[in-house]
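Since the structure comes first, as structure tokens, the remarks are kept for the end.
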Amino acid sequence: MSDHISVNLIPAYKPLICRTRPTTRTVQVWTEEAFSALQDCFECTDWEVFKEGTDLDGYTPSVLFYLKFCTDAVLPTKTIKVFPNQKPWLDSTVKPLLKACDAAYRSGDKLAYSIARKELKKGIKLAKSSSAFNTVIPDKLILKLHNLGLPSLLCHWIRDFLTNRPQVVRIGDNTSSTLVLSTGTPQGCVLSPALFTLFTSDCSAIHSTNTIVKFADDTTIVGLISDNDETHYREEIQHLTQWCSNNNLVLNTSKTKGGHRVDYRRSRRTEQHAPLLIHGEAVERCQQYQVPGHPHHIS
């Protein structure tokens, strides 16, 4: 007779993916047919109607509402699945590295797998540490809050909240030494997105033909290029680069996509354009782009 007893131990912790069902989300997809239909819609539009009896503040939302109405009418939709354990840093730069690492593992090539793992770790580290929220300088933020008209008492409270913050890392029973931080906004704090939005409130377009679309720490420059003259658009990019430098923000060129053009002319032509440069480094061109905070993909 055996003196061993088998015990089935059930872990108390359940992974998030087991505790929460994945959700579905409906997104709109740009197709060639939808693109042509949208061109026809815009060509038949009397744009002068929007200008009648309104100023720029009223003209802009009315045009944007009409554009949304047109895109909603012609764009097909598809349903995608979103998993609860999807990491925020798993972006378009990390996903290819992850696929390359998996492919190297399956190939059995140890050297290729080792190189792919190093590149993946480097990409994940860059994606995690490059959050713009971590770079906010409290003194610069307080100055901007004063200029926006916030009460001095509230500004001093926010400065005190953001400076001299003790931070430790705890793993099990082990705790690291304390590090005092006076830069950035706390991760997970409900105030952080609002403070960053106020911090970037003075980042605006310098040319009327350009628009800067901001969503949290993502920024998109949309420019109207006429007669193939990109001067104002390129000046806008250089101005944004300088603004980021003055405000302790770094433009991550490896995560920046540019050069996407939507040609609304009936006779679209293939034209060669000089690459966009940020700090002397060329920005990767993309065939499809999603405006931050907006479900539509532009192709």
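The shortest heavy-atom contact between Ala116 and Cys101 is CB-CA, 3.7 Å. Nearest heavy atom pair, residue Pro186 against residue Ser192, reads O-OG, 2.6 Å. When all heavy atoms of Ser152 and His146 are compared, the closest pair comes out as OG-CE1, 3.5 Å. The heavy-atom pair separating Glu235 from Ile206 by the smallest distance is O-CD1, 4.2 Å. Between His232 and Asn210, the closest heavy-atom pair is O-ND2, 3.1 Å. Annotation for Gly123 and Leu97: closest pair CA-CD1, 3.8 Å, computed over non-hydrogen atoms.
Counting only distance, with no hydrogens or angles, the side chain of Ser182 and the backbone of Asn164 share a donor-acceptor pair below 3.5 Å. Remark: side-chain polar atoms of Asp229 are paired, donor with acceptor, to backbone N or O of Thr231 under 3.5 angstrom. Under the 3.5 Å distance criterion, the side-chain polar atoms of Asn248 are matched with a main-chain donor or acceptor of Thr135. Proximity of a side-chain donor or acceptor of Ser245 to a complementary backbone N or O of Thr241 within less than 3.5 Å is not detected.
Interatomic distance, Gln167 CD to Thr178 OG1, rounded to the nearest 0.5 Å: 10.0 Å. One distance of note links CD of Glu43 with CG of Leu38; it measures 10.5 Å at 0.5 Å rounding. Interatomic distance, Trp243 CH2 to Leu249 CG, rounded to the nearest 0.5 Å: 5.5 Å. The NZ atom of Lys95 sits 13.5 Å away from atom CG of Leu120, with the distance rounded to the nearest 0.5 Å. Rounding to the nearest 0.5 Å places NZ of Lys68 at 11.5 Å from SG of Cys70. Between atom NZ of residue Lys81 and atom OG1 of residue Thr23 there is a gap of 10.0 Å, rounded to the nearest 0.5 Å.
Note that Lys140 lies outside the cation-pi zone of Phe199, set by a 6.0 Å cut-off to the ring centre and a 45° limit from the axis.
Other residues sharing a hydrophobic cluster with Leu111 under the 4.5 Å side-chain heavy-atom criterion for ILVMFWY residues are Ile115. The other residues sharing a hydrophobic cluster with Tyr105 are Tyr113, where clustering joins ILVMFWY side chains under 4.5 Å apart.
Side chains of Ser201 and Leu148 form a contact here, defined as non-hydrogen atoms less than 4.5 Å apart. Residues His156 and Ile142 form no side-chain contact, since every pair of their non-hydrogen atoms from C-beta on lies 4.5 Å or further apart. The side-chain heavy atoms of Thr220 and Ile212, taken from C-beta on, include no pair separated by under 4.5 Å. In this structure, Ile221 and Ile237 have side chains that are in contact, with non-hydrogen atoms separated by less than 4.5 Å. Proximity of Ile158 to Leu154: side-chain heavy atoms (C-beta onward) are separated by under 4.5 Å at one or more points. Put simply, the side chain of Leu162 reaches to within 4.5 Å of the side chain of Leu195, judged on heavy atoms. In this structure, Thr209 and Tyr233 have side chains that are not in contact, with every pair of non-hydrogen atoms separated by 4.5 Å or more. In this structure, the side chains of Phe69 and Cys41 stay at 4.5 Å or more apart for every pair of heavy atoms.
In terms of hydrophobic clustering, with Ile, Leu, Val, Met, Phe, Trp and Tyr side chains grouped at heavy-atom distances under 4.5 Å, Leu141 and Ile137 are assigned to different clusters. Leu145 and Leu191 fall within a single hydrophobic cluster, where Ile, Leu, Val, Met, Phe, Trp and Tyr are joined by side-chain heavy atoms under 4.5 Å apart, directly or via other members. Note on Trp157: it clusters hydrophobically with Leu150, by side-chain heavy-atom contacts below 4.5 Å among ILVMFWY residues.
Annotation: Leu153, atom CG; neighbour count of heavy atoms from other residues, nucleotides and ligands within 6.0 Å does not exceed 12.
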